[in-house]
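Below you'll find the structure, written out as structure tokens, and then a few comments.
Just so it is clear, the values below take in all heavy atoms, side chains as well, and ignore hydrogens, waters and symmetry mates. Numbers restart at 1 for each chain; the letters A, B, ... are given by sequence-line order, proteins then strands.
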2 protein chains.
Amino acid sequence: MDQSLFTGPPAVINGITPAPERARTSIEETYLSLRQEILNGALPQGSKLHLEGLRARHGISTTTVREALTRLIGDRLVVAEGQKGFRVAPMSLADLEDLTYARMQIECLALADSVRHGDDEWEVRVVAAYHRLGITEDRLRAAPALHFDTWERQNMEFHAALVSGARSQWLERMRMILFHNSERYRRLSATKGPPPLKVRDEHTAIFEAAIRRDAEAAVEAMRVHIERAFNVIKSAHLLPESGGGAALPTSRNA
Amino acid sequence: MDQSLFTGPPAVINGITPAPERARTSIEETYLSLRQEILNGALPQGSKLHLEGLRARHGISTTTVREALTRLIGDRLVVAEGQKGFRVAPMSLADLEDLTYARMQIECLALADSVRHGDDEWEVRVVAAYHRLGITEDRLRAAPALHFDTWERQNMEFHAALVSGARSQWLERMRMILFHNSERYRRLSATKGPPPLKVRDEHTAIFEAAIRRDAEAAVEAMRVHIERAFNVIKSAHLLPESGGGAALPTSRNA
DNA sequence: AATTTGGATAATATCGATTTTATTGCGGCG
DNA sequence: CGCCGCAATAAAATCGATATTATCCAAATT
């Protein structure tokens, strides 16, 4: 699975731990670096991505910058207009609503399949990821700033482990795109403080249902988890309404 | 909807041709051209995409070729390996199975939402697209070779119209990627002859259910449609069981 | 005052060439 | 015989520069 959004080399047989993230080519290096900056907001939504500026900052050629940016288009983190260059993909409340809806559908599909068909190794991965995340969450309460990045990575890995038993590569690719885009919104409201206790509870609910192979319960817990995350961001009032997209019901499919 | 996968000319969302939408930049031109060749098999799965060859053939610079190819990576029609360049994304029966599954999930989600929430304009679009497709199908029986490309376009437009009432842009993006990839498989087995009568019947079933606002029936009909398409391709025995197009000798087309 | 026009400026798109990395073929050596 | 290393070659990645296109602003026109 050497997909664009998934970093690094063949990313470990068992699906977890994108780990070292070495970048062998300088395009990839730039790609990863830029993605990071977009996800954490260093490059704010809608901002122009000037070739010359990026070239200078990264010490590479404009051609290389262009290619890195083009790869980010595939991840829907960057948009390109006619002859007007690149910019960071815009964000809006309407877009978040839509994104949340889409992600809920896909993540839940994958989770259900994963819970139903995950093998022993899958179980082990889930337990490991859950436990590891728990450790970091404890540390996070003591020293938030110190372990924040670690938490974010392990949070992502926990979610990845949960669905790693699902058999559809295509769904996984779609999930990854949606997950990363959600991540960008989540970090908008992330206060760099300890995550609310609720998050831990929600993870626990998903985890326990998954391990006891109760697909429906796991899916329901995942829905709650995703929906609450949406509400947190929404009520932070950091987003423009615009985007034109009609409001979507983010709740269950009818 | 200025999406990467959505090709230009006949977007035809409301029946009237919107704008020529010609490819203004030479990267886009190359992108569209290459995509076409990949979809119709002129560039077979797994084949190496040599920069120099493409540069010469398209009369552009390697840099431009690279960027067009990078955009195709976002559509999952091309894969890039480390320092080994680009190749056409491999096909396999396993991949088709997976792809069909994923597409069924997403296309059906979109269809259900569309049928439930499509407005009058949506209905008009569906009726128009269905009727237009019907006309072409009649002509196709008389002179297959002549109208084949038209049929393919209108078939895609019919499916697009069906889900055009769905409100999720994100789901639509995912659907588009999956649809195009399916298209590549379908054309593997397309005989350039008239499409089986069954296809017409299936389209009719979907169409009628959609217009009478019966979401469940429409989804069921869509499932049948997608699944049969899968079986047709599968029984054509044109695909390797699993991944990896064996190293085809470098396609050297003039 | 608003719109248009022309030229200067800035940014992007594209090119041709160089550097870096993979692949291939061929002798030597175990 | 078959494996290993080493040149020679081919290809990809990257660069620096040129060609195109958009943007801005001021002067001119109505």
Side-chain angles (χ1 to χ4, degrees), chain A residues 2 4 7-10 21-35 43-44 46-74 77-89, chain B residues 2 4 8 19-35 43 46-74 77-90 244-254:
Chain A
D2 186 0
S4 180
T7 59
E21 291 224 5
R22 70 168 185 194
R24 33 191 339 88
T25 174
S26 113
I27 288 172
E28 185 145 54
E29 206 173 305
T30 310
Y31 162 75
L32 290 172
S33 163
L34 287 174
R35 192 183 68 178
L43 292 170
S47 64
K48 197 98 191 22
L49 294 163
H50 286 277
L51 282 319
E52 173 56 26
L54 296 174
R55 185 202 63 75
R57 190 146 61 81
H58 289 258
I60 54 177
S61 174
T62 58
T63 308
T64 309
V65 175
R66 286 186 67 89
E67 216 177 303
L69 290 174
T70 301
R71 279 187 59 182
L72 287 164
I73 292 177
L77 292 170
V78 161
V79 295
E81 273 186 283
Q83 312 252 56
K84 304 202 296 183
F86 304 83
R87 58 180 56 225
V88 179
Chain B
D2 185 1
S4 175
E21 188 91 28
R22 57 164 195 206
R24 36 191 339 92
T25 175
S26 107
I27 287 172
E28 185 144 20
E29 208 172 304
T30 310
Y31 162 75
L32 289 172
S33 161
L34 286 174
R35 192 182 66 178
L43 292 170
S47 64
K48 196 96 189 30
L49 294 163
H50 285 278
L51 282 319
E52 172 57 24
L54 296 174
R55 183 201 64 73
R57 190 146 64 81
H58 285 82
I60 54 177
S61 174
T62 59
T63 309
T64 309
V65 175
R66 284 186 67 89
E67 216 178 302
L69 290 174
T70 302
R71 280 187 57 183
L72 286 164
I73 291 178
L77 291 171
V78 161
V79 296
E81 277 185 279
Q83 311 254 56
K84 302 201 299 182
F86 305 83
R87 58 180 56 225
V88 179
L248 292 162
T250 301
S251 63
R252 175 69 53 93
N253 11 20

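- When every heavy atom of A/Ala68 is checked against every heavy atom of A/Ile27, the shortest pair comes out as CB-O, 3.9 Å.
- Rounded to whole Å, the distance from OH on B/Tyr31 to P on C/dT14 is 15 Å.
- An OP1 or OP2 oxygen of C/dA13 is reached within less than 4.0 angstrom by no side-chain nitrogen or oxygen of B/Thr64.
- D/dA19 atom C1' lies 16 Å from atom CD1 of B/Ile60, rounded to whole Å.
- The shortest distance between the side-chain N/O atoms of B/Lys48 and the OP1/OP2 oxygens of D/dA12 is below 4.0 Å.
- The side chain of B/His50 has D/dA11 as its nearest neighbour among C/dC15, C/dA22, D/dA11.
- Atoms NE2 (A/His58) and P (D/dT14) sit 14 Å apart, rounded to a whole Å.
- Between the CD atom of B/Gln83 and the P atom of D/dT14 there is a distance of 6 Å, rounded to whole Å.
- If A/Gly59 and B/Gly85 are placed on DNA chain D by their nearest nucleotide, the residue sitting closer to the 5' end is B/Gly85.
- Taking each heavy atom of A/Arg87 and A/Leu49 in turn, the nearest pair found is C-CD1, 3.7 Å.
- Contact annotation: B/Arg66 does not reach the phosphate of D/dA12 (side-chain N/O to OP1 or OP2, under 4.0 Å).
- Within 4.0 Å (heavy atoms only), A/Leu49 reaches sugar-phosphate atoms of the nucleic acid but no base atom.
- One can place CD of A/Glu52 at 17 Å from C1' of D/dA22, the figure rounded to the nearest angstrom.
- Phosphate proximity of D/dG16 to A/Ser61: absent, as no side-chain N or O sits under 4.0 Å from OP1 or OP2.
- Separating the CZ atom of B/Phe86 from the P atom of D/dA12 is a distance of 9 Å, rounded to the nearest angstrom.
- Going from atom CG of B/Leu51 over to atom P of C/dC15 covers 13 Å, rounded to whole Å.
- Checking the phosphate oxygens (OP1, OP2) of C/dT14, a side-chain nitrogen or oxygen of B/Thr25 falls inside 4.0 Å.
- Nearest heavy atom pair, residue A/His58 against residue A/Ser33, reads CE1-OG, 3.1 Å.
- The two residues A/Lys48 and A/Lys84 come nearest to each other via the heavy atoms NZ-O, 3.0 Å.
- Taking atom CD1 of residue B/Ile27 and atom C1' of nucleotide C/dT12, one finds them 10 Å apart after rounding to whole Å.
- Between the CG atom of B/Leu72 and the OG1 atom of B/Thr30 there is a distance of 10.0 Å, given to the nearest 0.5 Å.
- When heavy atoms are screened at a 4.0 angstrom cut-off, A/Thr63 is found touching base atoms of the nucleic acid.
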